[in-house]
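First comes the structure, then the notes that go with it.
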There are 2 protein chains.
Amino acid sequence: MPGQHTLDETESQVATRLAGMDLDFEAMAVTANLFRAANAARNQMERTVLAKSNLTWTGFVVLWVAWIWETAETREIASEAGVSKATLSGVLTTLESRGLLERKRGERDGRLVTVELTAAGKKLMKGLFPEFNKAERHVTRGLDRPQLPAIAEALRQITQAARD
Amino acid sequence: MPGQHTLDETESQVATRLAGMDLDFEAMAVTANLFRAANAARNQMERTVLAKSNLTWTGFVVLWVAWIWETAETREIASEAGVSKATLSGVLTTLESRGLLERKRGERDGRLVTVELTAAGKKLMKGLFPEFNKAERHVTRGLDRPQLPAIAEALRQITQAARD
DNA sequence: CGCAGATAGTTTGGTCCCGAACGATCTTGA
DNA sequence: TCAAGATCGTTCGGGACCAAACTATCTGCG
């Protein structure tokens with residue numbers, strides 16, 4: 001496959017090209033591979049699990065959050081799904097038009113909107129999530145099993161550090 | 001801040017809600033936090049480093065790849081940047097119109113297009129990348145320094161596993 | 001040679017994505 | 001009480017994003 005570089009080739013080229021600059025190469029390796037890994041895993045899951053239900057990644061995450069919390073306010077969903085409220089608004093419209101969830105205007109506070117899955121939405125998630133989890137196991141299969149919690153914890157630290 | 005959950009609250013709710021299902025919870029924790037971390041880091045870097053140069057994330061990554069490889073074919077850039085060739089085509093048009101790079105039709109093979117940074121593009125990257133690296137150090141500051149290479153390696157394994 | 005198939009990049013159509021501006025609703029303090 | 005400010009979700013404009021269809025080019029085999 002001409003014109004393709006392996007990960008090793010890329011990292012070696014980076015080291016050569018940036019040699020002599022005053023950089024934190026270890027931090028760079030972590031973040032560069034963080035984005036590569038997240039991207040690769042996401043693409044893999046979109047193709048293998050989500051595509052057959054005609055769901056986008058964000059659509060799935062939004063459904064997942066609402067499913068986990070039974071009922072959720074939109075600002076919670078936006079925060080947990082990692083999208084802006086503007087984006088969420090559009091995605092909710094899409095999912096609502098497909099009958100997977102419902103918006104309800106808050107009764108106590110008229111500014112709020114809460115989201116709840118419909119029966120169809122719950123059924124979809126119930127069938128889909130175990131498959132999604134299989135894909136999660138698949139993409140982590142190269143890691144030492146006892147190492148997993150430590151990796152999850154390291155990723156939590158990154159999330160925390162990036163929130164200010 | 002009402003309506004916000006901490007990471008701990010979320011993971012505990014997930015455990016409760018999915019209790020009893022036959023799932024790989026450790027793999028789930030890794031991937032869930034992988035996406036959270038990547039998202040948080042990306043947003044942080046977009047706001048703090050990229051915004052002032054009016055660059056999008058993808059725009060920056062594309063410039064970075066072309067900068068590292070001096071000159072690159074578009075399929076290489078698409079692969080390394082983790083976007084489809086369709087997306088790349090549009091992003092290249094944007095960056096080219098801003099005078100940061102140039103497309104050149106391949107001479108030996110007329111189907112190929114190679115990309116090269118202009119002087120302005122090189123100057124931008126030379127100034128921007130050290131700042132970007134500072135942000136990389138910032139988001140990894142919560143991690144034990146000697147642990148960094150192991151984390152980078154674990155992320156490489158995930159990338160690898162997700163590529164089939 | 002010449003044409004069938006492979007390969008590269010672009011275009012198209014539809015969704016996602018964000019910041020900023022907006023209208024609606026709630027809260028607070030004088 | 002009621003106006004100023006805060007907070008919520010939506011809308012708007014423009015870029016990113018992908019799959020599929022398309023054009024152009026190259027390769028190889030008869």
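In what follows, every chain begins at residue 1, and chains take the letters A, B, ... in the order their sequences are listed. The model shown is predicted, which means the values in this text are computed figures rather than measured ones.
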*Kindly say if A:Arg105 contacts the phosphate of D:dC8, meaning a side-chain N or O under 4.0 Å from OP1 or OP2.*
no

*For atom CD of A:Glu107 and atom P of C:dT25, their distance in whole Å*: 15 Å

*Answer with base, sugar-phosphate or nothing: what part of the nucleic acid does A:Thr74 contact at a heavy-atom distance below 4.0 Å?*
sugar-phosphate

*Whole-Å distance between C:dT15 P and A:Leu55 CG?*
13 Å

*Taking the side chain of B:Ala86 as its heavy atoms from C-beta onward, which of D:dC12, D:dC17, C:dT12 lies nearest to it?*
C:dT12

*Quick one: do B:Arg137 and A:Glu26 make a salt bridge, cutoff under 4.0 Å?*
no

*Side chain of A:Thr58 only, please: which of C:dG9, D:dA16, C:dC17 is the nearest?*
C:dC17

_As a test of reading the structure: which of D:dC17, C:dC16, C:dC26 is closest to the side chain of A:Asp109, going by heavy atoms?_
C:dC26

*Taking 4.0 angstrom as the limit, do A:Arg145 and B:Asp24 come out as a salt bridge?*
yes

_Could you check whether B:Thr114 and B:Arg103, counting side-chain N and O atoms only, form a donor-acceptor pair closer than 3.5 Å?_
no

*Quick one: do B:Arg36 and B:Glu11 make a salt bridge, cutoff under 4.0 Å?*
yes

*What's the CD-C1' distance between A:Glu96 and D:dT10, to the nearest Å?*
13 Å

*Any side-chain N or O of B:Thr94 less than 4.0 Å from the OP1 or OP2 oxygen of D:dA16?*
yes

*asked:* For a quick test of reading the model: is some side-chain N or O of A:Ser89 closer than 4.0 Å to OP1 or OP2 of D:dG9?
replied: no

*Calculate the interatomic distance between A:Phe60 atom CZ and C:dC16 atom C1'; express it in whole Å.*
17 Å

*asked:* Nearest heavy atom decides the nucleotide; on that basis, is A:Trp57 or A:Lys85 closer to the 5' end of DNA chain C?
replied: A:Trp57

*asked:* Of the listed nucleotides (D:dT11, D:dC8, C:dC16), which one gets closest to any side-chain atom of A:Leu112?
replied: D:dC8

*Proximal nucleotide (of C:dC16, D:dC17, C:dG9) relative to the B:Val113 side chain*: C:dG9

*asked:* Let's go through B:Asn33 and A:Glu153 carefully: what are the C-alpha distance in whole Å and the side-chain angles of both, what is the deciding distance for side chain to side chain donor-acceptor pair (under 3.5 Å) to 0.1 Å, and is it a yes or a no?
replied: CA-CA 8 Å; B:Asn33 283 293; A:Glu153 181 55 27; over 6 Å; no

*Identify, between B:Thr87 and A:Leu88, the residue whose nearest nucleotide on DNA chain C lies closer to the 5' end.*
B:Thr87

*asked:* From C-beta outward on B:Arg111, which listed nucleotide comes closest to its side chain: C:dG19, C:dA8, D:dC17?
replied: C:dA8

*Provide, to the nearest angstrom, the distance between the CG atom belonging to A:Leu50 and the P atom belonging to C:dC16.*
12 Å

*If you check every side-chain atom of A:Thr56, which of C:dC16, D:dC17, D:dC26 has the closest atom?*
C:dC16

*For DNA chain D, whose closest nucleotide is more 5', that of B:Arg108 or that of A:Thr93?*
A:Thr93

*asked:* Between the side chains of B:Lys52 and B:Glu131, is the shortest nitrogen-to-carboxylate-oxygen separation below 4.0 Å, so that they form an ion pair?
replied: yes

_Please classify the nucleic acid contact of A:Arg103 as base, sugar-phosphate, or nothing, using heavy-atom distances under 4.0 Å._
sugar-phosphate

*Taking only the side-chain heavy atoms of A:Arg75 (C-beta and beyond), determine which of D:dG9, C:dG9, C:dC26 contains the nearest atom.*
D:dG9

_Spacing between A:Leu95 atom CG and C:dC17 atom P, to the nearest angstrom_ = 11 Å

*Measure the distance from NZ on B:Lys52 to P on C:dG19 and round it to the nearest whole Å.*
16 Å

